[in-house]
Amino acid sequence: MGDELAVAVRSERGAVIAEVAGYIDMSTAASLRERLFGLVDGGQPLIVELNRVTFIDSAGLGALVAVARRAGAHGGSLHAVCSRQQTRKLLWLTGVDRRIPLTATVDGALTLLKASRDAPG
Amino acid sequence: MTEDTAAPTAPPGGRETADYVQVKMPAESAYLSVLRTAAAGLAARLDFTLDEIEDLRIAIDEACAMLLAQAIPGTDLKCVFELGADLVTITVSVTAAEARMPARDTFAWTVLSALAGSVDSRLGPDDRVSIVLAKRRGG
């Protein structure tokens, strides 16, 4: 069972974008976390795109929070992109959206990132 | 099963007793997706909305994930769906080495209790731990 989760990685305007497809539950969250850890260890900002995620639960949210923490420790950051209502609801319910900025589009996340880079201090 | 040929908008309501569907599977996380699919199919039979079905998929997943964390490897996870007219009650149980009530101060419990209408956990005989969740259509 190795096809449940796929991650496609690309770079855009100084950020790494990881497009995740499949489901994120306790059987796949650890491998996703490890994969994303590898993308934040260089200190570049990471945007994780969740629109093709068909299912995510608290194990998946825990993995994202771990990645955000690791990104912060390496001088980077984590943004999440999702327009699916159910996923957004879950992030909001658990308060994860206060820790990981959430936008509906990759462009929105890139704009947020640029704004935080340009912000004084 | 003449009921299946009735208009899809007719819920299997009006009957005196509930239907029971039981799923028994290895207590392994790899099977969670199968159980989520079963839950979605059964909720659709009760005419739950897409949002309600999605809530139920997540709720049952969270309940199972919590129990799998303490299940004895090689044993089974048992899931019983009780299908009422507009209410589904799901009891998930595993056998644990040191059975304990699931912690309630976790992401998982927050999600579970928010998405299911009601949730309870029980310690039964024979080191059996159960989570019972119920969700009503339109409720």
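Proteins get letters first, then strands, A, B, ... in listed order; numbering begins at 1 in each.
Shown here for Gln86(A) and Asp55(B), the closest heavy-atom pair between the two residues is NE2-OD1, 2.8 Å. The two residues Phe107(B) and Thr94(A) make their nearest non-hydrogen contact at CE1-O, 3.8 Å. Shortest non-hydrogen contact noted between Leu32(B) and Met26(A) is CD1-CG, 3.7 Å.
With a threshold of 4.5 angstrom between heavy atoms, Thr87(A) does not approach chain B through any atom at all. When heavy atoms are compared at a cutoff of 4.5 Å, Leu93(A) approaches chain B by way of both its backbone and its side chain. In this structure, chain A has a heavy atom under 4.5 Å from the side chain of Leu115(B), while its backbone stays farther away.
Using a cutoff of 4.0 Å between basic side-chain nitrogens and carboxylate oxygens, Lys89(A) and Asp51(B) are not scored as salt-bridged.
To the nearest 0.5 angstrom, Thr54(A) atom OG1 is 6.5 Å from Arg57(B) atom CZ.
Listed options Asp57(A), Leu90(A), Val96(A) were ranked by heavy-atom pairs under 4.5 angstrom with chain B; first place goes to Asp57(A).
A donor-acceptor distance shorter than 3.5 angstrom exists from the side chain of Glu62(B) to the backbone of Ser58(A), with no hydrogens or angles considered.
With Phe55(A) as the aromatic partner, Arg36(B) meets the cation-pi criteria of under 6.0 angstrom to the ring centre and within 45 degrees of the ring axis.
Side chains of Ile56(A) and Ile58(B) form no contact here, defined as non-hydrogen atoms less than 4.5 Å apart.
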